[in-house]
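Working notes, beginning with the structure itself.
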2 protein chains.
Amino acid sequence: MERSTRQRRAIREAFLEAGRPLSPQEVLELARKKVPSLGLATVYRNLKNLLEEGFLVPVALPGEPPRYERAGQAHHHHFLCRACGRVYELSGCDLALTHLPPGFLAEAHEVTVYGRCPQCYSQAG
Amino acid sequence: MERSTRQRRAIREAFLEAGRPLSPQEVLELARKKVPSLGLATVYRNLKNLLEEGFLVPVALPGEPPRYERAGQAHHHHFLCRACGRVYELSGCDLALTHLPPGFLAEAHEVTVYGRCPQCYSQAG
DNA sequence: CCTAACTTGAGAAGAAATTTTCATCCTCCT
DNA sequence: AGGAGGATGAAAATTTCTTCTCAAGTTAGG
C-alpha cells in the first residue's frame, strides 16, 4: 500500500503552496526546502503517482518542458513570464472560436500569454 | 558562398507547397519526394539556414516538437489535428486580453486549437 | 519494538531530438 | 573542363529529460 513519507508530503505541499504550475525542477527546488536530501528521481516517481491518483494534471506550453498543476480546476489558461520562466494560471477565457475554416472540428483549445509577471515587471530586460 | 543544391531547393519547395507548419520529419518526407536520398542531417542544416536568412520562423505548440513556417505572415494561430498530427494556420485572432491580473504585462500570446482536420473529420477515432 | 515491504537517493541507463564528424560529392567560378 | 571549397549522407556524439537499478533507509501493522 502507498505510504506517507516526508518526501511525498513535501512534494504535495509544494503544489499547494505554489498555486501555479511547476516543472519537475521547480518541484525539486521547492520541496527541498522541507527535505533537503530530496532527489530528482523521487520527484519524478511522485509526480507520476500524483497524476495517477488525480491530484495533478499535466500542463503543456509551447516550447516548454511539461509542468504540472492541481487537477479539478475550472477552464483557464496560462501566463509565462519571459524573465523568470514561471508559469501562472489565468482565470477565465475570452476566446471566441468563430474563424475556423470549413471542415475543421474544434474539440479544445489552449491560450498562452507571454510577458512579465509582477515580480519581474520593473526589472531590466 | 551559399550554393543552390537540389536538397536545398526541395526543402524550400516543401514549405511553399505545404502551406502549413512542418516538423523536421515532415520536411524530410516531403522533400524526399524530389530528392529521395535526402538525409535528416541535411534537413536540420538547411532549416537552420532558412531561419537565419529569414525565410522561416519557428512554431512552438504545447507538448509538440518544434515546427517551422514561412516568415512574414500576419498574426495568426494554429490548429493541431489530433488524428493526423498535422498543424494548420488559422487566420485572424479573436482573443481579447482583458482578464490579466494586476501587475502582469502581456507582450504576446499564442492560441492553439485542437480537433479534427477535414481529412480526418469523418474517420473513426 | 520487529519485520516485511515500500521508498529513497545516486548514478547508470534510456529515449528522443539535434548537432557534429568526416569522407565523398557537387556547384560554381575560371 | 578543372579545381577549390561548400554541401551532403550516415553514423557517432551531444544534449536534455525521464526512467531504471539497487543497496540502504523508512513506514506501518503486529
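Chain letters run A, B, ... following the sequence lines, proteins first and then strands; every chain starts at 1. All values below come from the heavy atoms of this structure, side chains included, with hydrogens, waters and symmetry mates left out.
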Item to check | Pair A:H109-B:H77, side-chain donor/acceptor within less than 3.5 Å | outcome: no
Under 3.5 Å, sequence neighbours excluded: what are the donor-acceptor pairs made by side chains of residues 33-41 of chain B?
{"from": "B:K34", "atom 1": "NZ", "to": "B:E13", "atom 2": "OE1", "distance (Å)": "2.7"}
{"from": "B:K34", "atom 1": "NZ", "to": "B:E17", "atom 2": "OE1", "distance (Å)": "3.3"}
{"from": "B:K34", "atom 1": "NZ", "to": "B:E17", "atom 2": "OE2", "distance (Å)": "2.6"}

Checklist entry - Quick one: does B:R86's side chain have a donor or acceptor within less than 3.5 Å of a partner on B:C81's backbone? => result no
Item to check | Distance, rounded to the nearest Å, where B:L28 contributes CG and C:dT18 contributes P | outcome: 12 Å
Protein-nucleotides 9-11 of chain C N/O pairs under 3.5 Å:
{"from": "C:dG9", "atom 1": "OP1", "to": "A:Q7", "atom 2": "NE2", "distance (Å)": "3.2"}
{"from": "C:dG9", "atom 1": "OP1", "to": "A:S37", "atom 2": "O", "distance (Å)": "3.2"}
{"from": "C:dG9", "atom 1": "OP1", "to": "A:S37", "atom 2": "OG", "distance (Å)": "3.2"}
{"from": "C:dG9", "atom 1": "OP2", "to": "A:G39", "atom 2": "N", "distance (Å)": "3.2"}
{"from": "C:dG9", "atom 1": "OP2", "to": "A:T42", "atom 2": "OG1", "distance (Å)": "2.7"}
{"from": "C:dG9", "atom 1": "N7", "to": "A:R45", "atom 2": "NH2", "distance (Å)": "2.6"}
{"from": "C:dG9", "atom 1": "O6", "to": "A:R45", "atom 2": "NH1", "distance (Å)": "3.2"}

Checklist outcome for this item: A:E2 meets the side-chain hydrogen bond (donor to acceptor under 3.5 Å, both in side chains) criterion, sequence neighbours left out, with none
Checklist entry - For B:R67 and B:S23, which heavy atoms make the closest approach, and how far apart are they? => result CG-N, 3.7 Å
Item to check | Geometric cation-pi criterion, B:R12 with B:F55: 6.0 Å, 45° | outcome: yes
Item to check | Whole-Å gap separating P (D:dT18) and CD (A:E26) | outcome: 12 Å
Checklist outcome for this item: A:L50 atom CG is separated from C:dT7 atom P, nearest whole Å, by 12 Å
Checklist entry - Taking the side chain as C-beta and beyond, is there a heavy-atom pair between B:F15 and B:L47 under 4.5 Å? => result yes
Checklist entry - Over how many whole Å does the gap from A:Y44 atom OH to C:dT8 atom P extend? => result 16 Å
Next on the checklist: Applying a 4.0 Å non-hydrogen cut-off, can you work out what A:N49 is touching in the nucleic acid: base, sugar-phosphate, or nothing?
Outcome noted: nothing
Next on the checklist: With heavy-atom distances below 4.5 Å as the criterion, would you say the side chains of A:T112 and A:P62 are in contact?
Outcome noted: yes
Review item, nucleotides 28-30 of chain C N/O atoms under 3.5 Å of protein N/O:
{"from": "C:dC28", "atom 1": "OP1", "to": "B:S4", "atom 2": "N", "distance (Å)": "3.3"}

Identify each atom pair where a protein N or O and an N or O of nucleotides 12-16 of chain C are less than 3.5 Å apart, giving names and distance.
none

Checklist entry - According to a strict under-4.0 Å criterion, is A:R8 in side-chain N/O contact with OP1 or OP2 of C:dT8? => result yes
Item to check | Partners passing salt bridge (Lys or Arg N to Asp or Glu O under 4.0 Å) against B:R20 (at least two apart in sequence or in another chain) | outcome: B:E26
Checklist entry - Will you find, in the side chains of B:E64 and B:H78, an N or O donor that is under 3.5 Å from an N or O acceptor? => result no
Checklist entry - Side-chain N or O of B:N46 less than 4.0 angstrom from OP1 or OP2 on D:dT8? => result yes
Item to check | Spatial distance of atom CD (A:Q119) from atom CZ (B:F104) [nearest 0.5 Å] | outcome: 7.5 Å
